[in-house]
Amino acid sequence: MPKRKQDTTSDTNKKKVKTTCNKSDEEDDENERYWLIKAEPHTRMENGVDVKFSIHDLEKKKVEHWDGVRNYEARNILRDKMKVGDLCLFYHSNCKEPGIAGLAKVVKEGYPDFTAWDPRSPYFDPKSDKDKPKWFMVDVEFVKVLPRFISLKEVQFYKDEDALKGMKLLTRGRLSVQPVKKSAFEFILNLSEKDNETF
DNA sequence: GCCAACGTTGGC
DNA sequence: GCCAACGTTGGC
């Protein structure tokens with residue numbers, strides 16, 4: 001099932017040259033085992049296909065391939081970085097109340113996104129060669145629905161918390177597969193364990 | 001449904 | 001390799 005129509009970043013994003021010992025945020029990200037993945041929880045037709053996929057759809061399916069990502073930066077994460085066992089915040093986008101709805105776990109590492117070769121798929125990419133796959137996906141498994149939905153508004157409200165510093169959800173809104181720092185991951189889960197009258 | 005922000009394309 | 005024009009994302 002298609003997840004999201006993908007946004008875009010250049011393939012030529014050059015990897016930063018590694019300098020001696022200074023740990024940049026970027027390098028930290030590479031060691032993180034947490035991610036945020038976006039999907040649209042409501043029906044939207046694209047190319048005659050409904051792209052809807054919510055945390056509840058994942059709950060029913062148990063495991064699903066995360067297809068349809070057509071952005072190089074996100075692709076690189078799917079192909080190279082996500083490892084079996086990594087946890088993902090499941091984000092609902094393009095809906096009345098966008099936010100983090102649940103948790104998923106990587107159960108299969110990057111492999112070619114076959115929807116790129118299917119002319120009937122909304123994610124068909126005629127430029128993707130079967131012998132040289134351009135787009136990748138992982139398989140994710142349902143973990144849980146968060147005890148309390150954490151809206152984007154709520155995350156934005158806490159944007160100055162140290163734990164959320166540099167969170168890409170706040171700075172790179174369009175990136176649909178993104179790394180999440182451990183501190184941010186834990187902060188979000190913590191929030192969702194607690195009632196909050198404001199949200 | 002609008003549109004700002006952001007990503008890509010392609011002419012030069 | 002710059003950058004204007006264009007297309008898409010996704011919150012609102």
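Note that the structure is predicted; figures quoted are calculated from it, not measured. In what follows, chains are A, B, ... by sequence order, proteins preceding strands, each numbered from 1.
Of the side-chain N and O atoms in Lys96(A), none sit less than 4.0 angstrom from OP1 or OP2 of dC12(C). Contact annotation: Tyr91(A) reaches the phosphate of dG11(C) (side-chain N/O to OP1 or OP2, under 4.0 Å).
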Bracket notation of DNA chain C in which parentheses pair within the strand, [ ] cross earlier pairs, and | pairs with another strand (Watson-Crick or G-U, under 3.5 Å): ||||||||||||
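Nucleotide dT8(C) holds its C1' atom 13 Å from the OH atom of Tyr123(A), rounded to whole Å. dG11(C) atom C1' lies 13 Å from atom NE2 of His42(A), rounded to whole Å. Counting to the nearest Å, the C1' atom of dC6(B) and the NZ atom of Lys168(A) are 16 Å from each other. Between the P atom of dT8(C) and the CZ atom of Arg172(A) lies a distance of 19 Å, rounded to the nearest Å. Separating the CG atom of Asn71(A) from the P atom of dT8(C) is a distance of 14 Å, rounded to the nearest angstrom. Protein atom CG of Leu170(A) is 13 Å distant from nucleotide atom C1' of dG11(C), rounded to whole Å. Whole-Å rounding puts the Glu40(A) CD to dT8(C) C1' distance at 12 Å. For the pair Leu169(A) CG and dT9(C) P, the computed distance is 17 Å after rounding to whole Å.
Under the side-chain hydrogen bond (donor to acceptor under 3.5 Å, both in side chains) test applied with Asp113(A), the options Lys134(A), Arg70(A), Arg79(A) reduce to a single match, Arg70(A). Glu73(A) pairs in a side-chain hydrogen bond (donor to acceptor under 3.5 Å, both in side chains) with only one of the listed residues (Gln178(A), Lys168(A), Arg172(A)), which is Arg172(A).
When each of dT9(B), dG11(C), dG10(C) is scored by its nearest atom to the side-chain atoms of Lys127(A), the top-ranked nucleotide is dT9(B). Of the candidate nucleotides dG10(C), dG11(C), dC6(B), dG10(C) has the atom lying nearest to any side-chain atom of Lys38(A).
Residues Phe90(A) and Trp35(A) keep their aromatic ring centres 6.0 Å or farther apart. For an aromatic pair to be called close, the ring centres must be under 6.0 Å apart, and Tyr123(A) with Trp117(A) fails this. Side-chain rings of His65(A) and Phe114(A) approach one another, their centers coming within less than 6.0 Å.
For the pair Lys108(A) and Tyr111(A), the cation-pi criterion (under 6.0 Å, within 45° of the ring axis) is fulfilled.
Salt-bridge formation is not detected for the pair Lys83(A)/Asp86(A): no Lys NZ or Arg NE/NH1/NH2 atom is positioned less than 4.0 Å from an Asp or Glu carboxylate oxygen.
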